[in-house]
Amino acid sequence: PAPHLQSYKNRAAKHSNPAARALLRCMEAKKSNLAVSVDVTTTKDFFDIIEAVAPYVCLIKTHVDILEDWNPGVTTRLQHLSREHNFLIFEDRKFADIGNTVALQYSSGLYKISSWAHIVNAHPVPGPSIITGLASVGMKLQEERGLLLLAEMSTKGALTIGSYTVEAVRMAREHRDFVIGFIAQHRMESIGLSGTDDVVDEDFLILAPGVGLDSKGDAMGQQYRTPTEVVTQCGCDVIIVGRGIIGIGRDIDAEKVKEQARRYQTAGWEAYEKRIVT
Ligand code: S5P
């Protein structure tokens, strides 16, 4: 059966990339396909949220460059929490430059992303060299590292459609050792690629942002769908939730955040259980 009809557990046992394996194992162990996007600007809020949601998530998604008081201790503490609470770390850096530049942005600078983020993502717009650039850093480390390509975006009017998405999938297929999947809104099979190549042992993870239970969008083009639409109907594997869980107010209410995380975890898992056949 196609990957999305199989359990996370079965897929974990077969996957060739260590980061994908670790994520799938964690999803199975915690019964969670929930990634929380911690889009806040102070390290206090950042860790208050992570500590509140940690038991309910398989993945924490960060934008470390929006933290006003970032310091190297932040990523040390984040890695510690990742081990303690069993979740992976995804820095949503959206690389988009030539191979040489993205390799430097991934390995160096203030953030040294490759030293702590299990997963990063990249826009396919520069072509395959963006993958080889990032792989020249990530694949050299003896660590669990993987890359997601942004094949589709969640925003109104996004240009990630048609042949762009098709070519993104083609690029990923050429680099299956490092590219573990896509940021997308649907499984790629559902956009007309299935059967065009030898895809027998292919298992790309689909991580879908733009998920909300109470809202259809924001004032800046974001569009939300429910976990049922995303996971059961569109075959995505991980739901990425930001403001639906962390809220939009100024003060973080850890109890509310926890309650919402639990709610999305349950919704995501039930949507997955409705989908799998093995
Ligand atoms: O197409 C996309 C890709 C990404 S990675 N649409 C998105 O919204 N994202 C990210 O997901 C975005 O950068 C943000 O961090 C998160 C969605 O946040 P929310 O508050 O709208 O749930």
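Position 1 is the first residue of the sequence; numbering continues from there. Ligands are counted one by one from 1 in listed order, and the atoms in each one are counted from 1 as well. Only this structure's heavy atoms are used, side chains among them; waters, hydrogens and symmetry mates stay out.
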Which part of Ser37 is near ligand 1, with near meaning a heavy atom under 4.0 Å away: side chain, backbone, both or neither?
-> side chain
Counting heavy atoms only, which part of Gln222 comes closer than 4.0 Å to ligand 1: side chain, backbone, both or neither?
-> side chain
Can you tell me which residue and heavy atom of the protein come closest to [atom], and the distance to 0.1 Å?
| atom | result |
| --- | --- |
| atom 19 (P) of ligand 1 | Tyr224 OH, 3.4 Å |
| atom 14 (C) of ligand 1 | Asp39 OD2, 3.3 Å |
| atom 6 (N) of ligand 1 | Ser154 OG, 2.7 Å |
| atom 13 (O) of ligand 1 | His63 NE2, 3.1 Å |

Can a salt bridge be assigned to the pair [X] and [Y] using a cut-off of 4.0 Å between side-chain N and carboxylate O?
| X | Y | answer |
| --- | --- | --- |
| Asp69 | Lys44 | no |
| Arg263 | Asp214 | yes |
| Arg11 | Asp237 | yes |
| Glu28 | Arg25 | no |
| Arg77 | Glu51 | yes |

Sub-3.5 Å N/O-N/O distance, Gly242 and ligand 1 | yes
Within-cut-off N or O pair, Thr155 and ligand 1, under 3.5 Å | no
For ligand 1, which atoms sit closer than 4.0 Å to a heavy atom of Arg243?
-> 19 (P), 20 (O), 21 (O), 22 (O)
Qualifying residue for side-chain contact (heavy atoms from CB on, under 4.5 Å) with Phe95, from Thr101, Leu150, Asn121, Ile113 = Ile113
Heavy-atom gap Gln185 to ligand 1 smaller than 4.0 Å | no
Take the angle between the ring planes of Tyr106 and Phe178 and call it parallel below 30°, perpendicular above 60°, tilted in between.
-> tilted
Of Gly244, Pro209, Gly217, Ser215, the residue with the heavy atom nearest atom 3 (C) of ligand 1 is Pro209
Trp269 ring center within less than 6.0 Å of Tyr264 ring center = no
